[in-house]
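Before any comments, here is the structure.
FYI, side chains are in, hydrogens and waters are out, and symmetry mates aren't considered; it's all heavy atoms of this structure. Keep in mind that what you see is a predicted model, and the values were worked out from it rather than measured. To find a chain, count down the sequence lines: A is the first, B the second, and so on, and within it residues start at 1.
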Protein chains: 2
Amino acid sequence: MPFLEKKKKALDEKSPVPLHVQLTAILEKQIESGYFNKKIPSERELMETYHVSRSTVRVAVLTLVQEGILEKRHGKGTFVSNKPVQGWLKITNDTENSAEQDIKLLDYRRILTPDHIKLKLEYENECYYIERLMLTDQTPVAVERHYYPTEAHIKINASGSEQIISCEPVNKTDAENLKITRGMYVLSSESIMYSSNGDLVEYCKGLFRPDLSPIHLKMSRNTLTKCEKRYPIDLI
Amino acid sequence: MPFLEKKKKALDEKSPVPLHVQLTAILEKQIESGYFNKKIPSERELMETYHVSRSTVRVAVLTLVQEGILEKRHGKGTFVSNKPVQGWLKITNDTENSAEQDIKLLDYRRILTPDHIKLKLEYENECYYIERLMLTDQTPVAVERHYYPTEAHIKINASGSEQIISCEPVNKTDAENLKITRGMYVLSSESIMYSSNGDLVEYCKGLFRPDLSPIHLKMSRNTLTKCEKRYPIDLI
DNA sequence: TTCGATTTGTACGTATGTATT
DNA sequence: AAATACATACGTACAAATCGA
């Protein structure tokens, strides 16, 4: 029987896995569990808690910064990032930033999960449904349909997503909303977002007028550098 | 008149800009100029050359590693990355990896630059033109049209790109090649790739059958994690 | 195969600078 | 002005991977 060891957080110096990797893992778990509200302990505090040097702490923290999980602010501290995973597909309304953006709520209710969504929502029977019309200078440019699991936390930050882009003929209602003729095609974007523990957070399907809102990606060697904005999702 | 100073590479300790930032800039320039063939000097050599500590060298190199410009290999050294920027849009042929991929060359010649491309190719009068048909299991799924500046180096690595995705009605020839009926819509992807010094390397327009090859993006918080493959571009 | 040399990885320590509160 | 937090920079030492003699 082991001694009374309540200090579960301790690094194993004899382990072949490096100290900074162990520390990274501990921090990541604590962050996921919501143990830190927004700010994590300072480098000095982490040094003392885990009996490691400052450089070890810095490497561990840096790893999580690179993964987008933490953010450092000089003179202030290190904070849990609330940068969501969404926001990579920039809708380049040809009319530039000066344009007036607007969102019109078309529908919002709790519904029985449609069959074709069920698979993606992990077979939940009910879900929340939001349908919105996006406008730029009073011109409709997109329709978005969001589906959320009923027990999902509101305002959770997604940590991963998948997106499938295609095009398809528009149906009657959407055509009317987008003010285009029936039979025209629209750009479609299906996206599924996951939380850090793998749960599904949201399924969304967007239909875009290809003439008014193509999808614009800007990339450098390692990352997407400029696809800042998707329409924000503010749950009521 | 300045003294005879051939030693252009020296860091300014009194400068407000950190040493590791200065070193990063020097290395980046040398890399771009092709000064290093593949391997850059070891950490020890850089320490001695620039009279800085190992940690300073490591920070500078790490910066370039994060930007995807360098790659480290334990026990071997640090190397100039040749990971190209292309290869982010994964064409998810619904028929999986097992499927037989094929490319049919439709056209390849030197042409007068079409007007609508001229702007993108920086007003060059002539360019190389390649038109290819992509097939999966003998089924045509996409048409790609590549335009290269005539004096561009072959097999250069792009370091940045922009991509615009939309959809449009297909013309007669493309419809025949893709074996779809005229009037149908296709997914279109315009992409422009730049070299590290900002020169344009390639302009490409791809037309995809939306039913057979939607565009699939997989993302984590900071990066695209799984959009490995675009059709390889092997110049004859 | 073994051994040494080289190179990056890990980890410690110390000191000082700069931003924020 | 002082305390706190991260940034920069120096130093040392040993471990682990690689390669060639």
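If you measure from atom OH of B/Tyr50 to atom C1' of D/dA9, you get 18 Å, rounded to the nearest angstrom. Spacing between atom CZ of B/Phe79 and atom P of D/dC19 amounts to 9 Å, rounded to whole angstrom units. Here the P atom of nucleotide D/dT12 and the CD atom of B/Glu43 are 16 Å apart, to the nearest Å. Rounded to a whole Å, the NZ atom of B/Lys39 is 14 Å from the P atom of D/dT18. Distance, B/Ile40 CD1 to C/dT8 C1': 11 Å, rounded to whole Å. For the pair B/Arg44 CZ and D/dT12 C1', the computed distance is 17 Å after rounding to whole Å. Distance CG (A/Leu62) to P (D/dC6): 13 Å, rounded to an integer number of Å.
Within 4.0 Å of B/Arg58, counting heavy atoms only, lies at least one base atom of the nucleic acid.
Remark: side-chain polar atoms of A/Thr49 are paired, donor with acceptor, to backbone N or O of A/Glu45 under 3.5 angstrom. Of the possible donor and acceptor atoms, none in the side chain of A/Asp137 sits under 3.5 Å from a partner among the backbone N and O of A/Thr139. A donor-acceptor pair under 3.5 Å links the side-chain atoms of B/Gln22 to the main chain of B/Asp12, judged by distance alone.
Applying the 4.0 Å criterion to OP1 and OP2 of D/dA5, one finds that A/Arg73 has every side-chain N and O outside that range. Phosphate proximity of C/dG9 to B/Lys72: present, with a side-chain N or O under 4.0 Å from OP1 or OP2.
With a 3.5 Å ceiling on both atom-pair distances, D/dA1 lacks any Watson-Crick or G-U wobble partner.
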Sugar-phosphate or base contact per nucleotide [nucleotides 11-21 of chain C; S, B, -; heavy atom under 4.0 Å]: SBS-B-BBBSS

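Within a 6.0 Å sphere centred on NZ of B/Lys29, heavy atoms belonging to other residues, nucleotides or ligands number 12 at most. The environment of NZ in A/Lys104 is sparse: at most 12 heavy-atom neighbours from other residues, nucleotides or ligands sit within 6.0 Å.
Closest of all the heavy-atom pairs between B/Gly77 and B/Lys39 is CA-CE, 4.1 Å.
Using a 4.0 Å cut-off between charged nitrogen and carboxylate oxygen, B/Lys72 and B/Glu43 count as a salt-bridge pair.
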